[in-house]
Colleague: 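A single structure is presented below for examination.
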Number of protein chains: 2
Amino acid sequence: MEKRRADTIAEQLEALIFNGTYADGDRLDEVRLAEQFGVSRTPLREAFQRLALSGLLELIPRRGAFVRQPGPVELLEMFEVMAELEAVCGRLAALRISEAALAELREANSSCQTAVTAGDVEAYYSENERFHSIIYQQSGNSFLAQEAAKLHKRLQPFRRQQLRFRGRMGQSMSEHEQIVRALEASKAEAAADALRNHVAVQGEKFHQLMATLKNTA
Amino acid sequence: MEKRRADTIAEQLEALIFNGTYADGDRLDEVRLAEQFGVSRTPLREAFQRLALSGLLELIPRRGAFVRQPGPVELLEMFEVMAELEAVCGRLAALRISEAALAELREANSSCQTAVTAGDVEAYYSENERFHSIIYQQSGNSFLAQEAAKLHKRLQPFRRQQLRFRGRMGQSMSEHEQIVRALEASKAEAAADALRNHVAVQGEKFHQLMATLKNTA
DNA sequence: GTCAACCATATTGTATACAAGAATTAGATT
DNA sequence: AATCTAATTCTTGTATACAATATGGTTGAC
């Protein structure tokens with residue numbers, strides 16, 4: 001069962017939510033969306049469930065599907081968990097990472113450096129995603145890697161937005177290099193701390209995140 | 001949308017999978033189960049999706065829904081993540097826990113002690129669940145608490161089974177007391193380490209887990 | 001005798017029809 | 001005039017009918 005029509009619809013809906021077409025609290029009309037996508041309500045409802053499980057929609061019985069964007073508190077909580085998950089990945093990866101993966105990390109970082117000097121946020125984020133993804137994989141724990149990637153995807157729009165702040169790309173860049181050095185030296189705790197601090201929302205990052213929220217809300 | 005008929009069916013199916021009625025790799029027949037539950041295929045398929053998202057089923061397009069029990073490797077991976085999540089909860093809870101919650105932890109522990117002397121595994125596990133749940137809550141991060149509880153539930157049947165091994169309940173008990181002491185003293189790292197070791201599968205626990213798997217498989 | 005291809009059957013995915021519940025509006029009463 | 005109630009309408013939840021695909025068996029050919 002579960003072919004992929006529901007999946008493609010789920011992806012499109014996800015994009016529509018991320019790009020702001022539907023705002024927090026909006027109710028999604030089944031029949032309207034169904035004819036808009038040219039399908040019946042059945043696969044659309046399946047897509048709703050996908051999105052509900054990943055937290056983007058709230059399904060209220062007999063009421064409908066409502067867009068559910070995380071508020072400031074929940075967002076900070078999610079970033080705290082993300083920081084800890086990345087820290088664990090780093091701690092494990094420091095002991096288990098392969099030479100080939102290290103080379104890939106260095107390559108991703110040099111691509112990042114190019115993007116920084118060009119001021120290309122999109123290119124930077126794309127390479128940044130590869131960087132983190134490699135570390136998830138190299139934790140040697142595919143369940144952990146999956147969970148980390150899932151949360152990363154959920155926070156992606158916010159992380160991307162953060163990079164637009166002045167000087168933030170450069171800071172992120174130098175943190176990346178610090179992370180690679182810790183991994184190269186197999187220093188587990190150093191890698192964990194570096195990743196935790198890289199992701200955690202604290203200090204100036206907190207205010208920047210709050211500013212981002214105000215703009216979208 | 002999403003009333004709770006699909007949810008009750010999902011719970012019942014979950015129980016059927018846990019109690020061994022359906023084994024790993026079994027295909028669940030939509031029409032048979034639908035008439036068995038006295039509903040149509042529609043809500044049943046919704047239940048399938050719930051279970052698939054929580055990892056108990058694998059939905060293969062045009063093929064059907066197959067029971068998917070984690071193998072030894074995945075199980076170890078999940079326990080590793082669980083240990084780290086609990087460690088984070090403990091680290092945060094050590095700084096944020098309330099006096100009332102500490103009292104509840106002590107009470108849960110004394111109920112545990114009663115169960116240990118009575119050799120009552122079910123009673124012990126019930127109180128054990130409360131113990132861990134309190135720590136999740138007291139992390140002060142409800143997103144983290146939710147994620148921890150989700151994984152805890154997924155691993156529940158295995159954790160329960162582990163307690164049946166000789167001496168294991170007593171060991172778990174003394175680890176609980178050590179955890180409470182660390183939390184009382186607000187020793188964040190000590191609490192984290194105690195919880196990680198309490199949950200992690202290593203040493204003799206590894207062989208016990210493998211033995212459990214052989215029995216169910 | 002074995003392998004391959006085709007047909008029949010069964011099962012999943014999708015659409016539509018039907019039923020039940022919630023919300024809104026209009027009407028009546030205070 | 002305002003509020004409460006009732007009825008209508010709209011929307012969700014469920015069932016069933018239909019279509020498309022995969023699977024298994026049978027038959028034919030090499």
Side-chain angles (χ1 to χ4, degrees), chain A residues 1-18 20-70 150, chain B residues 1-18 20-70 150:
Chain A
M1 88 187 311
E2 296 333 308
K3 31 145 267 316
R4 69 176 158 297
R5 179 144 3 185
D7 285 300
T8 56
I9 292 175
E11 280 173 35
Q12 294 183 55
L13 277 176
E14 194 177 75
L16 286 177
I17 293 174
F18 280 160
T21 306
Y22 297 105
D24 185 58
D26 282 4
R27 175 176 148 277
L28 300 184
D29 192 310
E30 285 185 6
V31 296
R32 219 172 57 83
L33 284 169
E35 66 183 36
Q36 189 171 321
F37 282 111
V39 297
S40 87
R41 283 171 52 212
T42 312
L44 194 84
R45 286 168 62 89
E46 289 192 5
F48 278 5
Q49 290 194 63
R50 297 267 204 304
L51 297 177
L53 265 295
S54 68
L56 277 102
L57 288 184
E58 185 171 14
L59 270 41
I60 302 178
R62 296 276 175 198
R63 294 287 305 275
F66 296 84
V67 176
R68 167 148 169 40
Q69 294 281 28
K150 204 192 296 178
Chain B
M1 86 188 309
E2 296 335 310
K3 31 146 271 316
R4 69 176 160 296
R5 179 138 10 181
D7 285 300
T8 54
I9 293 175
E11 281 173 34
Q12 294 183 53
L13 277 176
E14 194 178 75
L16 286 176
I17 293 173
F18 281 161
T21 306
Y22 298 105
D24 185 59
D26 282 3
R27 176 178 147 276
L28 299 185
D29 191 311
E30 284 185 7
V31 295
R32 218 171 58 83
L33 284 170
E35 65 183 38
Q36 187 171 321
F37 283 110
V39 297
S40 87
R41 283 172 52 212
T42 312
L44 193 83
R45 286 168 62 89
E46 289 191 5
F48 278 5
Q49 289 193 65
R50 298 266 203 307
L51 296 178
L53 265 295
S54 67
L56 276 101
L57 288 183
E58 185 171 15
L59 270 41
I60 304 178
R62 297 276 175 197
R63 293 286 305 276
F66 296 85
V67 176
R68 169 147 169 39
Q69 293 282 29
K150 202 193 297 178

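Lettering follows sequence order; numbering is per chain, from 1.
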Colleague: Closer than 4.0 Å, any side-chain N/O of B/R41 to the OP1 or OP2 of D/dA17?
Modeller: no
Colleague: Please classify the nucleic acid contact of A/R32 as base, sugar-phosphate, or nothing, using heavy-atom distances under 4.0 Å.
Modeller: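 Counting heavy atoms under 4.0 Å across all strands, no contact is made by A/R32.
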Colleague: Rounded to the Å, how far apart are A/E30 CD and C/dC18 P?
Modeller: 18 Å
Colleague: Mind calculating the distance between CD (B/E35) and C1' (D/dT16) to the nearest angstrom?
Modeller: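 Checked: the CD to C1' distance equals 15 Å.
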Colleague: Taking CZ from A/R27 and C1' from C/dA23, how many angstroms apart are they, rounded to a whole number?
Modeller: 11 Å
Colleague: Just compare C/dA15, C/dA20, D/dA15 and give me whichever is closest to any side-chain atom of A/R62.
Modeller: C/dA20
Colleague: Locate the shortest heavy-atom distance separating A/L51 from A/A10; write the atom from each residue and the value.
Modeller: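 In terms of heavy atoms, the two residues are closest at CD2-O, 3.7 Å.
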Colleague: Could you please name the option among D/dA15, C/dT12, C/dA15 that lies closest to any side-chain atom of B/V39?
Modeller: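 So the nucleotide nearest the side chain must be D/dA15.
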Colleague: How many whole angstroms separate atom CZ of A/F66 from atom P of C/dA22?
Modeller: 13 Å
Colleague: Mapping A/T42 and B/V31 onto DNA chain C by nearest heavy atom, which one lands closer to the 5' end?
Modeller: B/V31
Colleague: Of all the choices, D/dA15, D/dT12, C/dA23, which nucleotide is nearest to the side chain of A/R63 once you look at every atom?
Modeller: C/dA23
Colleague: Tell me the interatomic distance from A/R45, atom CZ, to D/dT12, atom P, rounded to whole angstroms.
Modeller: 8 Å
Colleague: Mind calculating the distance between CZ (A/R5) and P (C/dT12) to the nearest angstrom?
Modeller: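 So the CZ-P distance, A/R5 to C/dT12, works out to 18 Å.
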Colleague: What is the distance from atom CD1 of B/I9 to atom CG of B/L33, rounded to the nearest 0.5 Å?
Modeller: 9.5 Å
Colleague: Measure across B/D24 and B/Q69 and return the closest heavy-atom pair with its distance rounded to 0.1 Å.
Modeller: OD1-N, 2.6 Å
Colleague: Could you tell me whether B/R5 and B/E46 make a salt bridge, using a distance below 4.0 angstrom between a side-chain N and a carboxylate O?
Modeller: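 Answer for the salt bridge query: no.
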